[in-house]
Amino acid sequence: MSNRKRILIVGGVAGGASCAARARRLSEEAEIVLFDRGEYVSFANCGLPYYVGNVIKKEEKLLVATPDLFKKQFNIQVKLQSEILAIDRENKQIEVKDLSSGETYLESYDTLVLSPGAAPIKPPLPGIELPGIFTVRTIPETRQIKEWIENNRAKSAVVVGGGFIGLEMTENLVNLGLSVTIVEMQPQVMPLYDTELISPVHKHLIRKGVKLRLDETVTGFEQNGSSLSIQLKSGETENADLVILSVGVRPETKLAKEAGLEIGELGGIKVDEHMRTNDENIWAVGDAVEVKDFVTGKPTLVPLAGPANRQGRIAADGICGRDSRFRGVQGTSAVVVFGLTISSTGPSEKTLKRLDVWDDSKHEKIYLHPNQHATYYPGAKMMTLKLIFAKDDGQIIGAQAVGEEGVEKRIDVIAFAIQKNSTVFDLEEAELCYCPQSGSAKDAVNFAGMIAANVLREDAQIAHCADAVNNNAFLLDVRDPAEFKRGRIDGAVNIPLNELRSRIGELPKDQEILTYCLVGQRSYYANRILTQNGFKAKNISGGYLIYTFCEKNRPKSLSK
Ligand SMILES: Cc1cc2nc3c(=O)[nH]c(=O)nc-3n(C[C@H](O)[C@H](O)[C@H](O)COP(=O)(O)OP(=O)(O)OC[C@H]3O[C@@H](n4cnc5c(N)ncnc54)[C@H](O)[C@@H]3O)c2cc1C
């Protein structure tokens, strides 16, 4: 850049701060000013639940950078407690309110970047403003939660909304000794995930003493002595000493809307692939913008720190004359709750169905339950992985996984494979790390690729739990009798794998046979024996475990 350009940035956390720092690295001449209405710049909002739970003990640990660091290291001016009230696009000015003095003033820009984030949704319910009801977005809010717990010697909490912030808050409150109830209007926590993957999460939460009220909606709050009474749609109530509202976020678009900037169909600021709005001098990034879903190509809102940071960097590139483009989001994410990791990339089956994209003739899914490392090495832990792919060319569409260890590593590999438009055949061939402590010679990702590739090559036809329940197939359970005795799919016949060759005559040649075992591996071997002997056989993907996740996973209202 030749001229001294004035770059003003609204919002000094994930997207705004990365944009500012990158812009400085690309241009020593530009004047860069970062505004935030809060008391902090560049703080770790992702760490807030752990600050509440005393895992992060000191507030200053949440501060990734300070105004002083921005000034000294980057020559960027940070103006805190400075709220931008309006944008005058014609005169390229913003109106700033100094929240400490109450004064307002104008600042001129050559380029304006909006990274105002998203606001936690506070539904307009009776009693929503009562003391003791909190959202989790800023350091001062979490400080208030900590003080409230301490001052009121809080013993119980209701967390409204079982998304990732709700689960992280639940874990931290439980670890502080509070008894916690999650009220979630969907029949599952982590509502964007496919239901069957969340079944182990429900069990895990219940094991940790969390009370789940699923399919339940909060209708209002009332003061009940020193605690709160939380009214539910079912007519029941919950009592708690505090309430955490974690029912989602809404993009902060007030400024953009009032300035006449284009808003997308989902309510986020509309930007092009360079993160530029419909005003050539204004760019927008982060939770406030609507971007393209990399897989479906449809607009989406994905409030995550990774995309916000990358978008900030891309906007800075564009502002400084580079041709960087944002590829779109996949929603690659993970949450860890009481040691259980839930992770996904790309759309879930549920999302594809909601968007009317899922087509049984075009899409397939497989389930597997690999270990995070070789089973001969102590501490092997099983995870459950679901892979969604295209039936015609094997293109990977999405993956979800749950387990104690090594889960996000597999999802990260698959996430990158999706970005590179890879297929299940690529996963089959992927060369990945293996040592006894962290992998297997055939990694979970390879296994996923192999299983999916087997399906596409028609080496193994698969069926799903719904097929086991809904059609008239002959159900063959190839587990050992003791396992069969402990639980089975209704109507199944037990012939253990090791006896299958000698007892093959017991099976019908004129009926489709659905094989299953615990996880799908022994029944795959059985399936190979049967198909090579002229039987019409399919293997139930993910086995009896997935069947139990599908059929018995939905605790209506479960307590400790
Ligand atoms: C509790 C919690 C946990 C999270 N955990 C994760 C996680 O584990 N992984 C993950 O990927 N993401 C996580 N996120 C989400 C992630 O923090 C956000 O996606 C990311 O911070 C978005 O960046 P942003 O720059 O768009 O907005 P923000 O980081 O929210 O920054 C926006 C800033 O703009 C300021 N602002 C807004 N309007 C104005 C105005 N008019 N004038 C001046 N300033 C203004 C706000 O005060 C705010 O400081 C978490 C979020 C929360 C709240």
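This structure is a prediction, so every number in the text was calculated from the model and none was measured. Order of listing sets the numbers, starting from 1, for every ligand and every atom in it.
Stacking of Lys61 on the aromatic ring of Tyr51 is not recorded, the 6.0 Å distance cut-off and the 45° axial limit not both being met.
Side-chain contact check for Asn239 and Ser227: no donor-acceptor pair (N or O, by modelled atom type) lies under 3.5 Å. In the model, His369 has a side-chain atom that pairs as donor or acceptor with a side-chain atom of Thr384 under 3.5 Å. A donor and an acceptor atom, one from each side chain of Thr135 and Glu141, are located under 3.5 Å apart. For Lys350 and Gln188, the side-chain atoms include at least one donor-acceptor pair closer than 3.5 Å.
Applying the salt bridge (charged side-chain N to carboxylate O under 4.0 Å, His left out) rule to Arg143 yields the partners Glu59; only residues at least two apart in sequence or on another chain are considered.
Here the protein heavy atom with the shortest distance to atom 23 (O) of ligand 1 is Ala14 CB, 3.2 Å. What sits closest to atom 31 (O) of ligand 1 on the protein, heavy atoms only, is Val13 CB, 3.4 Å. The nearest heavy-atom contact from the protein to atom 8 (O) of ligand 1 is Cys46 CB, 3.8 Å. The protein non-hydrogen atom at the shortest distance from atom 11 (O) of ligand 1 is Ala305 N, 2.9 Å. For atom 53 (C) of ligand 1, the nearest non-hydrogen atom of the protein is Val136 O, 3.3 Å. Closest protein heavy atom to atom 18 (C) of ligand 1: Asp287 OD2, 3.4 Å. The protein non-hydrogen atom at the shortest distance from atom 41 (N) of ligand 1 is Ile84 O, 3.1 Å. Residue, atom and distance of the protein heavy atom nearest to atom 37 (C) of ligand 1 are Pro116 O, 3.2 Å.
Taking a cut-off of under 4.0 Å to the non-hydrogen atoms of Pro49, the atoms of ligand 1 that pass are 1 (C). Close approach of ligand 1 to Asp36 is summarised as follows: ligand atoms under 4.0 Å from at least one heavy atom of the residue are 33 (C), 34 (O), 35 (C), 43 (C), 44 (N), 46 (C), 47 (O), 48 (C), 49 (O). Against a heavy-atom cut-off of under 4.0 Å, Leu255 is close to the following atoms of ligand 1: 41 (N). Residue Gly117 approaches ligand 1 through these ligand atoms, each under 4.0 Å from one of its heavy atoms: 26 (O), 27 (O), 30 (O), 32 (C). Ligand-side atoms of ligand 1 in range of Val10: 40 (C), 42 (N), 43 (C), range being under 4.0 angstrom from any heavy atom. Distances below 4.0 Å separate heavy atoms of Gly286 from the following atoms of ligand 1: 26 (O). Each of the following atoms of ligand 1 lies closer than 4.0 Å to a heavy atom of Pro303: 15 (C), 19 (O). Within ligand 1, the atoms closer than 4.0 Å to a non-hydrogen atom of Ala308 are 22 (C), 23 (O), numbered from 1 in the order shown.
For the ligand labelled ligand 1, residue Phe164 lies inside the 4.0 Å heavy-atom shell. Using a 4.0 Å cutoff on heavy atoms, Ala17 does not count as a contact of ligand 1. Residue contacts with ligand 1: Glu252 is excluded, as none of its non-hydrogen atoms falls under 4.0 Å. Heavy-atom separations between Ser115 and ligand 1 include at least one value shorter than 4.0 Å.
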For this session: List the steps and the verdict of salt bridge (Lys or Arg N to Asp or Glu O under 4.0 Å) for Arg37 and Glu252.
Result: CA-CA 13 Å; Arg37 64 184 169 204; Glu252 283 269 13; 2.8 Å; yes
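The residue Val335 has no part lying near ligand 1, judged by heavy-atom distances below 4.0 Å. Under 4.0 Å from ligand 1, the heavy atoms of Ile165 that appear belong solely to its side chain.
Here CZ of Arg276 is found 8.5 Å from CD1 of Ile319. Values are rounded to the nearest 0.5 Å. Taking NE2 of His202 as the reference point, atom CE of Met190 lies at 10.5 Å (rounded to 0.5 Å).
Inclusion of Asn45 in the set of residues having an N or O under 3.5 Å from an N or O of ligand 1 is warranted. Every N/O-N/O distance between Gly12 and ligand 1 stays at or above 3.5 Å.
Pro307 has its side chain within reach of Arg310: a pair of non-hydrogen atoms, C-beta onward, lies under 4.5 Å apart. Using a 4.5 Å cut-off on side-chain heavy atoms (C-beta onward), Leu340 and Val201 make contact. Contact annotation: the side chain of Leu387 approaches that of Leu427 to within less than 4.5 Å [non-hydrogen atoms, C-beta and beyond].
A 6.0 Å sphere centred on NZ of Lys71 holds more than 12 heavy atoms belonging to other residues, nucleotides or ligands. Surrounding CZ of Phe416 are at most 12 heavy atoms belonging to other residues, nucleotides or ligands under 6.0 Å away.
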